[in-house]
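Everything below concerns the one structure shown next.
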Number of protein chains: 2
Amino acid sequence: MSLNKPSSKRAALLDAAKQLLWERGYEAMSPRDVLDRSGAGHGALYHHFTGKQALALSALEEIAAEEMHALDEIFLGRLPPLQRVCGYLRRERSALRGCRLARLANESAIESEAFRQPIAAFLEHIATHLQACLKAAQQDGTLAGNLDPAAIAAALVAVIEGGFVMARVYWEPAKMRLAIEGALQLLDSVSTEARAGG
Amino acid sequence: MSLNKPSSKRAALLDAAKQLLWERGYEAMSPRDVLDRSGAGHGALYHHFTGKQALALSALEEIAAEEMHALDEIFLGRLPPLQRVCGYLRRERSALRGCRLARLANESAIESEAFRQPIAAFLEHIATHLQACLKAAQQDGTLAGNLDPAAIAAALVAVIEGGFVMARVYWEPAKMRLAIEGALQLLDSVSTEARAGG
DNA sequence: GTCTATAGAAGGATAGAC
DNA sequence: GTCTATCCTTCTATAGAC
């Protein structure tokens, strides 16, 4: 407690903001909510950050870093490229909670470049991984060569993000799984690998 | 002006609400905004509706009806089934504005069944049309028979909704088009029709 | 049916003590 | 660095006149 550790409340504020951004989004996250959950007082917030916006931005950047790191782990490994794609698509997700980053796509704050940046970087990170796998699959002959890897990667990212939207609109996680299943069937049809299950 | 038309402000309120729901979403749409835009006074709103929620719900239902009707027109006609699917996917959209209905997926109000209903009905309407086309295509032999129409339809809906999200996150309408292009390439690869341009 | 006046609560931030 | 006290604005709704 009396260790020489500066700003113990700063981390608590960031943690609370990260949770609330996922649960409620940016506009619906009030400074009061953050304070209650973090246990910090009003002063701490405005000492460490210029305001709600700056706090949210720092939180967003941490979230993006965490998620991109998690992605790297999924795409690591020596599996055949299309199986890595499949592994990403089948990844366990809490569909009803929505995408931790892209859930903010429809907030008015998204019109700010600074706010958009970490979210776009995250989507781009997914697309880059997918595209690399698709190219590798084309080179080793397991994926049809006439497809555009960038376009297919974008479509797959859209299936994931759209799947989150569907799960929430129907309030049924299975809807997201169904959409992903459809994407896998299409992908399977254009691949020449032995079927691995699905 | 002096015609015997009851509640002229009711329609104005609904119109304003329909616009604002698209532009800002539910929580960010304040009664004040609606009044300013509609030209109605405070009293008119609370006379015709019990409050903001009821107004938004009525507006949502009108929006869903309009959009479903527009869908019916797109899927009408005598084109081959896969070309109708293609026509829907290529439909002109204002990507940066987001989906008029599903843009509300991440508002906390979505947890209410009544709020969800018109939005889910809209997505279901799209999926139903798509699924019918895919089944027809399988029957006339232009689509691979091993695919599950329900899953493919869900995947295509997800591509559209996810495409909207991507366009807004990147603030680049082309991102949505790229995702749709990827879906079309996949669909094209599992169809046996002569290429119609892709 | 429509308006103005008003109200209680919450949002977001500043000032200044400790 | 952290807290409490305070401030102004906006949100959503009610009351009651016209």
Side-chain angles (χ1 to χ4, degrees), chain A residues 1-60 104 106-112 114-115, chain B residues 1-60 104 106-112 114-115:
Chain A
M1 307 308 190
S2 55
L3 292 175
N4 193 8
K5 191 165 171 205
S7 65
S8 75
K9 298 284 169 134
R10 190 178 191 279
L13 286 164
L14 274 173
D15 263 6
K18 284 157 67 177
Q19 293 172 26
L20 288 164
L21 281 175
W22 197 359
E23 293 172 24
R24 310 188 191 172
Y26 174 68
E27 300 186 28
M29 172 189 87
S30 81
R32 177 57 184 264
D33 295 331
V34 178
L35 298 179
D36 286 350
R37 186 167 302 196
S38 68
H42 207 139
L45 199 168
Y46 291 92
H47 172 74
H48 293 293
F49 305 92
T50 60
K52 171 183 170 177
Q53 197 173 26
L55 169 62
L57 207 57
S58 294
L60 260 187
L104 302 168
N106 288 296
E107 309 240 9
S108 64
I110 203 75
E111 298 185 22
S112 142
F115 193 87
Chain B
M1 306 311 184
S2 56
L3 292 175
N4 192 8
K5 192 165 168 205
S7 64
S8 75
K9 299 284 169 133
R10 191 177 190 278
L13 285 163
L14 274 172
D15 262 7
K18 283 156 70 176
Q19 292 172 26
L20 287 163
L21 280 175
W22 196 359
E23 292 172 25
R24 310 189 191 171
Y26 174 68
E27 300 186 28
M29 172 189 87
S30 81
R32 178 57 184 265
D33 295 331
V34 178
L35 298 180
D36 286 351
R37 185 166 302 196
S38 67
H42 207 140
L45 198 170
Y46 290 94
H47 172 74
H48 292 292
F49 305 93
T50 60
K52 171 184 171 177
Q53 197 173 26
L55 168 63
L57 208 57
S58 294
L60 261 187
L104 302 169
N106 288 297
E107 308 240 9
S108 64
I110 202 75
E111 298 186 22
S112 142
F115 193 87

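These numbers come from a predicted model, not from an experiment. First the proteins, then the strands, lettered A, B, ... as listed; each starts at 1.
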Distance in angstrom units between [X] [atom1] and [N] [atom2], rounded:
| X | N | atom1 | atom2 | value |
| --- | --- | --- | --- | --- |
| B:L35 | C:dA5 | CG | P | 15 Å |
| B:L55 | D:dT12 | CG | C1' | 13 Å |
| B:R24 | D:dT10 | CZ | P | 13 Å |
| B:Y26 | D:dC11 | OH | P | 14 Å |
| B:R32 | C:dA10 | CZ | C1' | 18 Å |
| A:D36 | D:dC3 | CG | P | 12 Å |
| B:F49 | D:dT14 | CZ | P | 15 Å |
| B:L45 | D:dA13 | CG | P | 9 Å |

Shortest non-hydrogen contact from [X] to [Y]?
| X | Y | answer |
| --- | --- | --- |
| B:L21 | B:A59 | CD1-CB, 3.9 Å |
| A:L13 | A:S38 | CD2-OG, 3.6 Å |
| A:G39 | A:K9 | O-NZ, 3.3 Å |
| A:A109 | A:F115 | O-CB, 3.4 Å |

Exercise for review: Just grab all the salt bridge (Lys or Arg N to Asp or Glu O under 4.0 Å) pairs involving residues 42-60 of chain B, residues at least two apart or on different chains.
Suggested key: none
Check your understanding: Below 4.5 Å, heavy atoms only, C-beta onward: do B:P31 and B:Y46 meet side chain to side chain?
Key -> yes
Study note, to complete from the structure: Looking only at C:dC3, D:dT2, D:dC11, the nucleotide nearest the B:A40 side chain is C:dC3
Practice item. Salt-bridge test for A:R24 and B:E27: reply yes if a basic N is under 4.0 Å from a carboxylate O, no otherwise. Key: no
Point to revise | Pair B:L60-B:Y26, side-chain contact (heavy atoms from CB on, under 4.5 Å): steps then yes or no | key: CA-CA 10 Å; B:L60 261 187; B:Y26 174 68; over 6 Å; no
[N] phosphate, OP1 or OP2: any side-chain N/O from [X] under 4.0 angstrom?
| X | N | result |
| --- | --- | --- |
| B:H47 | C:dT2 | no |
| A:S30 | C:dA10 | no |
| A:H48 | D:dT2 | yes |

Revision key, fill the gap. The bend of the helix from C:dG1-D:dC18 to C:dC18-D:dG1, taken between the axes of its five terminal pairs at each end and rounded to 10°, is 0°
Point to revise | Backbone N/O of A:D33 and side chain of A:D36: donor-acceptor pair under 3.5 Å | key: no
Using nucleotides 13-18 of chain C, report all nitrogen or oxygen pairs with the protein that are shorter than 3.5 Å.
| residue | atom | partner | partner atom | Å |
| --- | --- | --- | --- | --- |
| C:dA13 | OP2 | A:Y46 | OH | 3.0 |
| C:dA13 | OP2 | A:K52 | N | 3.2 |
| C:dA13 | N7 | A:H42 | NE2 | 2.9 |
| C:dA13 | N6 | A:H42 | ND1 | 3.4 |

